[in-house]
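It should be emphasised that the depicted structure is a prediction, and the values quoted were computed from it without experimental measurement. Hydrogens, waters and symmetry mates play no part in the numbers below; they use all other heavy atoms, side chains included. By convention here, the first residue in the shown sequence is residue 1.
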Amino acid sequence: MLHHTTHARGSSLHGDGAPAAGDIRTAGLFLPGVDPFATDRLLDYLWRRRQASLLAGAMTLRAAVPDLAHRTGFTAAIEAFRGAPSGQRRALLEHPCLRIWLGQMTRLPRLDSLAPGPDNPLPALLADGARLLSQLVPATYVVQRYDVDPLLAAAVPPSYRFDNLDAKRRRDETNPYSLAFAREVIAAALQRVAEAWPAAREDFDRYVKIVVHLPDVESRSCSAARFAGAILLSADDETLLAVAESLVHECGHQILYCVMEADPLIVETAPRSFTLPWSGAQRDAYGYFHATYIYLILALLFEKVLDRHASDREQALGRLSAIAAGLDRALADFAEADFFTETGRSFFENLADHAGRLLARCHQRFGGLQPENAHGPH
């Protein structure tokens, strides 16, 4: 129902600094610190596009259902939003819950096809919109556990289900890994990232707004485009470096979600299935490409850790060697891929260039790659 700015496939992002809609470059792949200007332009483009969608949809709603829009508080919230400073509006439109809400509104059918009655989703959605537009957004990421926004709780399944919460809270009372302790661990891990790769620490705050720490989540960490901007983190990491890896891993997914929000990289109908060289898990083309991008970021992280943290050297060396071995295989798998969009092909060529240079450095550093140690998260 809400409107998105449309553009031709492959038109909004290009490699090698070529001019495009918004003049966004992809040669640096939006890797932390490589091309800060391109990252600034990408994030600026996205929040303004979301704002255009929101305001266009609000005009339609106020014309079509003025009484409902007023009664739910949506009209007043939109007026307050329009009058707010740009920084406040941007913070709202980068918040995961408002992004979830925008997605739900965009998928609504035509207003005249919504029958009145208890099954009509519009009143609840407008009330949610009014609530979210009126919220105060923290300046940095927040760490939560079970008390997450209902829209986020509904978007996360099947990755995790926020059910039986009273029983989970009771179990939490005897769990030494309390939410307060989780906050300390996450802050310490991010400090470790800052010491090794300051730009990655800065980008974490730009892309990740909510960390949901869940002792009973099955995977080490998790995220998805349907709740972009929020990540799930488990209690399974045994070292600060492992926590740092999970955090940077999920931040990398957020970067790619934003890239793909601006312009698809993978043809939606690509049917192929791949075995991830890092974990042996099966993924489609979209999932494999995401993993390859993430493991490039992680290899860069461990390469920097090797040069800065002697205490983590052995662990970082093992992870770097294993990840690099998987990257070598992934580049070969993608070389003849037929499922990239025009922009996706350009993006992959830039990724292959960055990864190729990293692999050359790895060969110089330790002479060979060790795929048998490649298993990691996702």
Heavy atoms of other groups near Q191 CD, more than 12 under 6.0 Å: yes
Between H253 and Y293, ring centroids under 6.0 Å: no
Which residues share a ring pair (Phe, Tyr, Trp, His ring centres under 6.0 Å) with F274, sequence neighbours left out: Y288, F339
Ring pair (Phe, Tyr, Trp, His ring centres under 6.0 Å) involving F227 - partner list, sequence neighbours excluded: none
Residue pairs fulfilling side chain to side chain donor-acceptor pair (under 3.5 Å) with at least one residue in residues 74-91, sequence neighbours excluded: Q51-R89, R62-E79, R90-E94
Side chain to side chain donor-acceptor pair (under 3.5 Å) contacts touching residues 201-212 (sequence neighbours left out): D40-R206, R201-D205
Minimum heavy-atom distance between G280 and T275, given as atom pair plus value: O-CG2, 3.6 Å
Ionic contact status for D172 with K168, cut-off 4.0 Å: no
Sidechain N-carboxylate O distance under 4.0 Å for R272, D284: no
List the atom pairs, with distances to 0.1 Å, where a side-chain N or O of residues 299-308 and a protein N or O form a donor-acceptor pair under 3.5 Å, not counting sequence neighbours.
residue: E303; atom: OE1; partner: R361; partner atom: NH2; Å: 2.9
residue: E303; atom: OE2; partner: R361; partner atom: NE; Å: 2.6
residue: E303; atom: OE2; partner: R361; partner atom: NH2; Å: 3.4
residue: D307; atom: OD1; partner: R365; partner atom: NH2; Å: 2.6
residue: R308; atom: NE; partner: A196; partner atom: O; Å: 3.3
residue: R308; atom: NH1; partner: K304; partner atom: O; Å: 3.4

Scan the side chains in residues 67-74 for donor-acceptor partners under 3.5 Å anywhere in the protein, sequence neighbours excluded, and list what turns up.
residue: T72; atom: OG1; partner: L68; partner atom: O; Å: 2.9
residue: T72; atom: OG1; partner: A69; partner atom: O; Å: 3.3

Side-chain donor-acceptor pair present, S53, R48, cut-off under 3.5 Å: no
Path from V34 to I255 over hydrophobic side-chain contacts below 4.5 Å: yes
Side-chain heavy-atom pair L241, E245 within 4.5 angstrom cut-off: no
